[in-house]
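So the structure is just underneath, and the comments pick up after that.
Letters A, B, ... mirror the listed sequences (proteins, then strands); counts begin at 1.
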There are 2 protein chains.
Amino acid sequence: MSNNARFAEIAALAGDPGRASMLNGLMDGRALTATELARLAGITAQTASSHLTKMTEAGLLLVEKQGRHRYHRLASPAVAQMIESIMRIAAPEAVVRQLRTGPRDMALRAGRTCYDHLAGHLGVSITDALIDAGHIELGLDAGEVTDSGLALFDRAGVDIKAAAAKRGRILCRPCLDWSERRPHLAGAIGAALCAHCFNHGWIRRIEGTRAVSVTPNGHRHLRETFGVRYS
Amino acid sequence: MSNNARFAEIAALAGDPGRASMLNGLMDGRALTATELARLAGITAQTASSHLTKMTEAGLLLVEKQGRHRYHRLASPAVAQMIESIMRIAAPEAVVRQLRTGPRDMALRAGRTCYDHLAGHLGVSITDALIDAGHIELGLDAGEVTDSGLALFDRAGVDIKAAAAKRGRILCRPCLDWSERRPHLAGAIGAALCAHCFNHGWIRRIEGTRAVSVTPNGHRHLRETFGVRYS
DNA sequence: TTGATACTTCGACCAATTCCGAAGCATTCT
DNA sequence: AGAATGCTTCGGAATTGGTCGAAGTATCAA
């Protein structure tokens with residue numbers, strides 16, 4: 001198969017409404033069963049099975065058998081980045097027609113996980129607060145954690161040692177938010193921060209979606225520790 | 001239209017072999033006429049016209065009328081990044097079946113432009129040389145130009161001032177190469193370096209493709225100035 | 001063993017989409 | 001003006017591909 005045909009094949013897989021729903025449902029990095037994904041996409045189990053087989057064979061998904069369940073998840077962070085990059089192109093229109101967005105969409109805009117880090121209004125707010133306080137610097141191409149940021153993360157107990165392994169300098173990745181149209185903190189640092197928030201009960205996943213809500217406790221800590229003015 | 005439907009629509013547009021050919025043909029950032037794109041995709045002008053209309057309406061392409069020609073180009077760097085991210089998922093299979101790759105594919109693997117910067121064996125070789133000499137540092141998430149790199153680019157006449165505007169530090173973006181499976185230099189610095197190579201006749205575009213070849217003059221300068229061992 | 005759940009395979013139907021020939025419009029060349 | 005080029009629109013044929021009912025396999029629970 002030619003290179004171009006492979007390209008079209010991959011894009012076409014993401015180009016079906018049902019499969020698109022499933023892929024987006026897997027964007028939080030969790031592994032879901034075929035039935036869960038079918039319900040999520042609003043299709044029957046047979047149809048979902050067919051879709052999942054195709055996506056798995058094409059290398060978009062990995063499947064793990066566990067008893068009578070089959071857990072599906074994105075095959076790699078690269079797949080998540082592909083989905084995010086498509087979302088970024090697809091979003092502008094949605095922003096213009098914001099009137100039509102339902103409550104579920106609103107929750108996603110307020111806060112969500114983007115595979116392994118935080119996005120939406122929440123993600124951008126945290127990022128803004130870190131920038132304003134001089135804890136990180138973020139350009140279009142890349143970003144960096146400053147010495148004060150390093151101290152802050154250390155004090156707060158966010159484990160960014162793994163990301164620091166390379167050299168002295170801690171670099172991080174900006175990710176353009178499709179709902180806010182502004183960059184938020186991604187990469188290893190973003191992932192560590194997101195994990196920290198979940199582990200300490202600062203944020204909680206809203207049942208069945210990848211939207212997250214901030215707990216009262218989280219509100220307080222985010223404000224006190226990171227200076228987030230989360231409106 | 002729901003957010004998910006928009007997502008599927010965009011992905012489906014990229015998921016047709018003809019349209020995929022066109023998008024890849026536009027990946028060098030140039031603007032091509034409808035007829036050129038039709039020939040490139042191996043379809044008739046009518047069919048191409050229909051495809052181009054759809055992609056333009058969806059915001060993937062911009063069209064500029066000039067006399068009786070209509071020049072089409074990618075609507076934004078974000079679109080180029082989307083295409084690149086899909087390519088990254090689509091590539092592994094091609095690597096395995098490398099036996100089947102024709103001469104055109106080989107040229108692309110040797111060196112090509114990735115929208116505005118250099119990729120392929122050429123792009124990776126330059127990046128490796130810069131890293132080895134300590135001119136840049138590149139992590140998975142982000143990279144940075146060192147002081148010695150700053151001096152080198154200045155001495156060589158590569159204009160990276162624009163990218164330096166923000167703050168003192170020069171950050172750069174790594175881009176995972178789909179053919180080499182290793183990162184190469186992208187972002188503003190990568191674009192500036194690529195432009196420099198074209199402007200000085202170090203590299204030349206291979207007619208009708210986005211593959212590039214290194215001129216004898218370019219070979220010498222890349223070796224002497226940047227220490228590239230381009231095999 | 002019996003029944004229930006999770007998932008897949010098969011087959012047929014239906015809708016969407018691609019495709020090109022023919023014709024039409026706009027611009028440029030002679 | 002007349003002819004040629006670049007591109008678009010129209011209409012109908014052919015194919016692809018999603019969908020679900022029905023039936024089949026595998027696992028688990030009593």
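Heavy atoms of other residues, nucleotides or ligands lying less than 6.0 angstrom from CZ of B/R204 number 12 at most.
Remark on DNA chain D: of its neighbouring residues B/T53 and A/H51, the 5'-side contact belongs to B/T53, judged by nearest-heavy-atom nucleotide.
Rounded to whole Å, the distance from OH on B/Y71 to P on D/dG6 is 10 Å. Taking atom CD1 of residue A/I43 and atom P of nucleotide D/dG17, one finds them 17 Å apart after rounding to whole Å. In this structure, CG of A/L13 is placed 10 Å from P of D/dG17, rounded to the nearest angstrom.
Side-chain atoms of A/T33 and A/E36 include a donor-acceptor pair closer than 3.5 Å. A/S179 and A/D177 form a side-chain donor-acceptor contact under 3.5 Å, judged by distance and modelled atom types alone. Between the side chains of B/R205 and B/T113, a donor-acceptor pair is found at a separation under 3.5 Å. Remark: the A/T44 side chain and the A/T47 side chain contain an N/O donor-acceptor pair separated by less than 3.5 Å.
Nucleic acid contact class of B/S50 (heavy atoms, under 4.0 Å, all strands): none. Using a 4.0 Å heavy-atom cutoff across all strands shown, B/A34 reaches sugar-phosphate atoms only and no base atom.
Note that A/R112 lies in the cation-pi zone of A/W178, set by a 6.0 Å cut-off to the ring centre and a 45° limit from the axis.
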Pairs: protein N or O with nucleotides 24-30 of chain D N or O, under 3.5 Å:
{"residue": "D/dT27", "atom": "OP1", "partner": "A/K65", "partner atom": "NZ", "Å": "3.4"}

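Separation of the B/W202 and B/H219 ring centroids does not fall under the 6.0 Å cut-off.
Protein chain A contacts DNA chain C over a range whose 5' and 3' limits, counting nucleotides with an atom under 4.0 angstrom from a non-hydrogen atom, are C/dA4 to C/dT9.
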